[in-house]
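Here the structure comes first, spelled out in structure tokens, and everything after it is commentary.
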Amino acid sequence: MSEPLDVNGLRHVAVIMDGNGRWAEARGLVRTRGHRVGVDSVRQIVTESARAGLPWLSLFALSTENYQRRPRHEVRTLMALLRRFMIRERPTFMDNDVRLRTVGLVDDLPPRVVKEIRVTEELTKDNGGTVLCLALNYGGRRELLDAARRFAVDAAEGRLDLESATEDDLARRLDDETMPEVDLLIRTAGEMRISNFLLWQMSYAEIFITPTCWPEFRLPQFEEAVAVYQGRTRRFGRVVTEEDR
Ligand code: FPP
């Protein structure tokens, strides 16, 4: 087996897995075939992240817009793939010490899918390796709005002092209060957008965009993204000093 990926300096990698449909169409296949092969990429990226000791990996598996606006049969296939993934990958998660978490309006997905997600979350909750966070029926603005609602309620009920409130007070009211800020955002299939993904957590993320479609995004492409990240100087608004170079 090859050396594990060097994830030094990385705490949270987020991925917009795009281009499944294009990958399939370019090969004369039905779009859903792209999603099926995309699941193999998910498995590989998750196991490699775990092997490397990456603390947190977030995958944009389904936006609220995808869920509401895609053709029904495609959404059905995605739901079936997701449910099967939840059941079949339990040994992968347990063998690799992966903990599953989710963000998004998961409870609005079909009940038989939600059930398997919850079982997997419960099963893996004490695993201490990589956190695999799936964004499902997710939108960043909705997440911020819900956080603002909780914030307002807590202020009105005296649990939060508005005068002294900090950014952390809002961050703690996001879908997953334990999610660290994103260090590296990877987007496949070439589009130059962040598409309403993890808006708050992405403030200082380095962005890596590759023309490779998600079904072909495997370890070598992941290694390239991480290497490019490690070659960059993160300034967080500071001036670059000699130490940074
Ligand atoms: C974008 O491709 C991808 C998605 C809408 C879903 C991603 C889903 C998977 C990889 C499979 C299911 C996930 C899990 C975790 C089991 P697209 O169809 O929008 O591509 P296009 O832009 O080329 O049409």
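When a ligand or atom number is given, it counts from 1 through the structure's own listing order.
- Between G19 and ligand 1, at least one pair of N/O atoms sits closer than 3.5 Å.
- For an aromatic pair to be called close, the ring centres must be under 6.0 Å apart, and F60 with Y138 satisfies this.
- Scanning all protein heavy atoms for the shortest distance to atom 12 (C) of ligand 1 gives V39 CG2, 4.0 Å.
- For atom 14 (C) of ligand 1, the closest heavy atom belonging to the protein is L82 CD1, 4.2 Å.
- Only the side chain of W214 comes within contact range of ligand 1, with a heavy atom under 4.0 Å; no backbone atom does.
- The closest approach between a heavy atom of R70 and any atom of ligand 1 is below 4.0 Å.
- At a cut-off of 3.5 Å, with distance as the only test, a side-chain donor of D169 or T166 sits close to an acceptor on the other residue.
- Given atom 2 (O) of ligand 1, the protein heavy atom at minimum distance is N20 N, 3.2 Å.
- Less than 4.0 angstrom separates some heavy atom of F85 from each of these atoms of ligand 1: 16 (C).
- In terms of protein heavy-atom proximity, atom 1 (C) of ligand 1 is closest to M17 O, 3.1 Å.
- The closest protein non-hydrogen atom to atom 18 (O) of ligand 1 is R31 NH2, 2.9 Å.
- Using a cutoff of 4.0 Å between basic side-chain nitrogens and carboxylate oxygens, R22 and D18 are scored as salt-bridged.
- No more than 12 heavy-atom neighbours from other residues, nucleotides or ligands sit within 6.0 angstrom of CZ on R88.
- Every atom of ligand 1 with a heavy atom of A61 under 4.0 Å away is listed here by number and element: 6 (C), 7 (C), 8 (C).
- Between the side chains of R90 and T124, no donor-acceptor pair of N or O atoms lies under 3.5 Å.
- Side chain of R99 to backbone of V131: no donor-acceptor contact under 3.5 angstrom is found.
- Annotation for R33: atom CZ does not count as buried by contact number, only 12 or fewer foreign heavy atoms lying within 6.0 Å.
- A salt bridge is absent between E65 and R69: the closest approach of a Lys/Arg side-chain nitrogen to an acidic carboxylate oxygen does not fall below 4.0 angstrom.
- The shortest contact between atom 21 (P) of ligand 1 and any protein heavy atom is with R22 NE, 3.6 Å.
- In N66, the part holding a heavy atom less than 4.0 Å from any atom of ligand 1 is the side chain.
- Note that OG of S2 is 6.5 Å distant from CD of E223, once rounded to the nearest 0.5 Å.
- Close contacts of ligand 1 with D18, meaning ligand atoms under 4.0 Å from a residue heavy atom, involve 1 (C), 2 (O), 17 (P), 19 (O), 20 (O), 21 (P), 22 (O).
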